[in-house]
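Here's the structure we're looking at; comments come further down.
Just so you know, these numbers come straight off a predicted model, no measurement behind them.
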Amino acid sequence: MQLSYWEWKTYFKQIDVAIIGSGIVGLSAALHLKKNNTNLNVVVFERGALPAGASTKNAGFACFGSTTELLDDLENNTETAVFELVEMRWRGLTKLKETIGTNNLKYKSNGSYELFTAKDAQAYQKSIEQLSYLNKNIENVIGLKNTFSICKDAIDKFGFNKVNYLLQNKYEGQIDTGAMMQQLIKLCLQKDVKIVNGLNIKTYNTNNNTVTLTTQNGWVFSAKKLIIATNGFTKNLLPNVKVNPARNQVLITKPIKSLKIKGCFHYNKGYVYFRNIDDRILLGGGRNLFVEQETTNEFGLTENVKNYLIQLLKEVILPNQKIEIEKWWSGILGVHQTKKPIVKEIENNVILAVRLGGMGIAIGSLIGEQAANLST
């Protein structure tokens with residue numbers, strides 16, 4: 001299929017900045033570019049009908065790290081790197097709320113909790129031993145006091161089974177992911193950002209002051225600048241970049257009468273998570289138990305992950321209750337042992353903004369702004 005004159009003139013002619021990926025990072029970059037210069041012709045290209053990676057598939061956690069996740073990060077990264085990343089996540093959440101508005105995000109400040117079962121007693125002991133240390137460092141970087149606290153009394157309130165300990169983070173919250181993306185798209189369209197869905201960019205080449213892009217169906221066009229915001233799909237364009245795809249599988253129940261659970265909940269270093277939404281429970285994760293299988297950019301569901309999540313749901317989260325699962329889906333993250341996002345110019349006029357580490361809601365707005373600044 002060939003482009004018509006009108007299609008070429010409207011979407012592909014004289015592009016100032018082309019952005020690959022219409023998730024949080026890509027749309028945030030587009031918004032910031034138009035804020036700085038309303039005359040820029042900014043076009044966002046998306047391979048899917050909707051943002052294809054995780055931006056419309058995540059759990060809607062406005063979070064910046066559980067105790068076990070942060071302690072695990074400290075074993076693999078420097079103290080400075082870990083808490084700089086916490087700061088970036090908090091700044092990103094603040095920016096997201098300022099850009100979209102808490103009402104439009106349907107933001108709820110219900111706090112978050114981390115669960116520990118009997119087999120997690122050692123991890124819990126380590127967490128409470130380091131609670132003051134974590135709180136002090138978080139206060140130093142973002143000014144929040146006494147972020148983490150012991151909250152054992154809430155176990156019975158929520159109705160959990162086999163949960164021996166709870167830690168609370170009073171500053172985390174939850175959003176409506178669909179509302180967030182709808183508002184980002186709306187804001188972009190109001191600023192005359194063009195969004196082209198269903199178009200897969202297969203290759204690009206740089207030549208002097210031009211970046212030439214080629215689509216899967218053979219269309220060729222050019223832009224003055226290119227921002228790559230493909231996160232979990234980055235290796236499709238750039239095989240050597242240190243960002244790996246990671247699939248997360250997610251379920252949501254049918255409405256549950258008199259649901260007691262309220263807030264965001266972390267388990268097992270943040271690899272498992274659940275929350276309440278519309279009188280339902282949304283539960284996802286478990287990829288760390290099947291690392292090789294889940295290191296993929298292919299969407300899909302597997303019986304081993306599904307069985308693990310169902311068992312956790314029935315035995316721990318909602319024991320002795322009739323539960324019906326309404327829907328399953330999966331999302332693709334961009335991760336690496338080094339969690340610091342990649343935001344840099346990798347070639348002349350080509351900026352890479354990827355590796356959100358499963359924290360796209362927290363950090364995506366900030367990374368998009370940084371990428372936009374690098375392209376001007």
Quiz item: Any chance NZ of K170 has more than 12 other-residue heavy atoms, nucleotides or ligands included, within less than 6.0 Å?
Solution: yes
Exercise. Let me see the working for L213 and F12 under side chain to side chain contact (heavy atoms under 4.5 Å, CB included), right down to the final yes or no.
Key: CA-CA 10 Å; L213 300 99; F12 299 95; over 6 Å; no
Exercise. With rounding to the nearest 0.5 Å, note down the distance linking CD in E79 to CD in E84.
Key: 10.5 Å
Self-check item: Modelled atom types, side-chain donor and acceptor of E369 and S28, under 3.5 Å
Solution: no
Exercise. Taking atom NZ of K108 as the centre, report whether more than 12 heavy atoms of other residues, nucleotides or ligands fall under 6.0 Å from it.
Key: no
Quiz item: N135 and S132: side-chain donor and acceptor closer than 3.5 Å?
Solution: no
Quiz item: Centre of F299's six-membered ring, under 6.0 Å away, within 45 degrees of the axis: is that where NZ or CZ of R247 sits?
Solution: no
Quiz item: In Å, rounded to the nearest 0.5 Å, how long is the span from CG of N37 to NE2 of H32?
Solution: 11.5 Å
Exercise. State, without any angle test, whether T302 and Q249 hold a side-chain donor-acceptor pair at a distance under 3.5 Å.
Key: yes
Quiz item: Would the number of heavy atoms belonging to other residues, nucleotides or ligands and lying under 6.0 Å from CG of D153 be above 12?
Solution: no
Quiz item: Under 6.0 Å from the NZ atom of K235, do we count more than 12 heavy atoms belonging to anything else shown?
Solution: yes
Quiz item: Would you say the side chains of T210 and N208 form a donor-acceptor pair under 3.5 Å?
Solution: no
Practice problem: Indicate, with yes or no, if V305 and L333 share a hydrophobic cluster defined by side-chain heavy-atom contacts under 4.5 Å among Ile, Leu, Val, Met, Phe, Trp and Tyr. | Solution: no
Quiz item: Linking I/L/V/M/F/W/Y whenever their side-chain heavy atoms sit closer than 4.5 Å, directly or via other members, would V196 and F221 fall into one cluster?
Solution: yes
Exercise. Only counting residues at least two apart or in another chain, list the ones meeting ring-ring contact (aromatic ring centres under 6.0 Å, His included) with Y113.
Key: F158, F265
Quiz prompt | Aromatic plane relationship, Y124 with Y165 - under 30° parallel, 30 to 60° tilted, over 60° perpendicular | solution = parallel
Self-check item: Exceeds 12 heavy-atom contacts within 6.0 angstrom, atom CD of Q337
Solution: no
Quiz prompt | Check ion pair K126-E75 (N to O, under 4.0 angstrom) | solution = yes
Quiz prompt | No-hydrogen, no-angle side-chain donor-acceptor test under 3.5 Å, K260 and N276 | solution = no
Exercise. Flag yes if I20 and I346 sit in one hydrophobic cluster, no otherwise; membership is Ile, Leu, Val, Met, Phe, Trp, Tyr, and two members link when side-chain heavy atoms are under 4.5 Å apart.
Key: yes
Quiz item: Is the shortest distance from a Lys or Arg side-chain nitrogen in D16 or K225 to a carboxylate oxygen in the other one below 4.0 Å?
Solution: no
Quiz item: How long is the span from the CD1 atom in I351 to the CD1 atom in I342, to the nearest 0.5 Å?
Solution: 14.0 Å
Quiz item: Does the side chain of N248 come under 3.5 Å of the side chain of Y273 through a donor N or O and an acceptor N or O?
Solution: yes
Exercise. Compute whether any side-chain donor of one residue and acceptor of the other, for E139 and N146, lie under 3.5 angstrom apart.
Key: no
Exercise. Report the distance from atom CD1 of I19 to atom OG of S375, rounding to the nearest 0.5 Å.
Key: 7.5 Å
Under 3.5 Å, which donor-acceptor pairs do the side chains of residues 314-321 form with other protein atoms, sequence neighbours left out?
| unit_1 | atom_1 | unit_2 | atom_2 | d |
| --- | --- | --- | --- | --- |
| E315 | OE1 | K162 | NZ | 3.2 |
| E315 | OE1 | Q311 | NE2 | 3.4 |
| E315 | OE2 | Q311 | NE2 | 3.4 |

Practice problem: Report, as yes or no, whether the 6.0 Å neighbourhood of atom NZ on K269 holds more than 12 heavy atoms from other residues, nucleotides or ligands. | Solution: no
Self-check item: CG-CD distance between L187 and Q182, expressed to the nearest 0.5 angstrom
Solution: 11.0 Å
Quiz item: With sequence neighbours left out, which residue pairs that include part of residues 279-293 fulfil the salt bridge (charged side-chain N to carboxylate O under 4.0 Å, His left out) condition?
Solution: R280-E326
Quiz prompt | Point-to-point distance, once rounded to the nearest 0.5 Å, from CG of N348 to CG of L226 | solution = 11.5 Å
Quiz item: Looking only at side chains, do N197 and E46 share a donor and an acceptor under 3.5 Å apart?
Solution: no
Quiz item: Between T177 and N58, does a side chain to side chain donor-acceptor pair (under 3.5 Å) hold up when you go through it step by step?
Solution: CA-CA 7 Å; T177 291; N58 62 66; 2.6 Å; yes
Quiz item: Do T295 and F290 have side-chain heavy atoms sitting under 4.5 Å apart?
Solution: no
Practice problem: Give a yes or no on whether the backbone of T338 and the side-chain of D73 come within a donor-acceptor separation of less than 3.5 Å. | Solution: no
Quiz item: In terms of the angle between their ring planes, are F160 and F274 parallel, tilted or perpendicular, with boundaries placed at 30° and 60°?
Solution: perpendicular
Self-check item: Cation over ring face, K97 and W90, 6.0 Å, 45°
Solution: yes
Quiz item: Taking all atoms of both residues into account, what is the closest heavy-atom pair of A353 and A371, and its distance?
Solution: CB-CB, 3.8 Å
Exercise. Before giving the answer on salt bridge (charged side-chain N to carboxylate O under 4.0 Å, His left out), spell out for K339 and E69 the whole-Å C-alpha distance, their side-chain angles and the decisive distance to 0.1 Å.
Key: CA-CA 11 Å; K339 288 191 175 182; E69 179 189 355; 3.1 Å; yes
Quiz item: Counting only heavy atoms not in K306, do more than 12 sit closer than 6.0 Å to its NZ atom?
Solution: yes
Quiz item: Does OH belonging to Y11 count more than 12 external heavy atoms closer than 6.0 Å?
Solution: no
Quiz item: Is it the case that one hydrophobic cluster holds both L283 and L289, taking links as side-chain heavy atoms less than 4.5 Å apart, direct or via other members?
Solution: yes
Quiz item: In terms of hydrophobic clustering (I, L, V, M, F, W, Y; side-chain heavy atoms under 4.5 Å; direct or indirect links), are L312 and L251 co-clustered?
Solution: yes
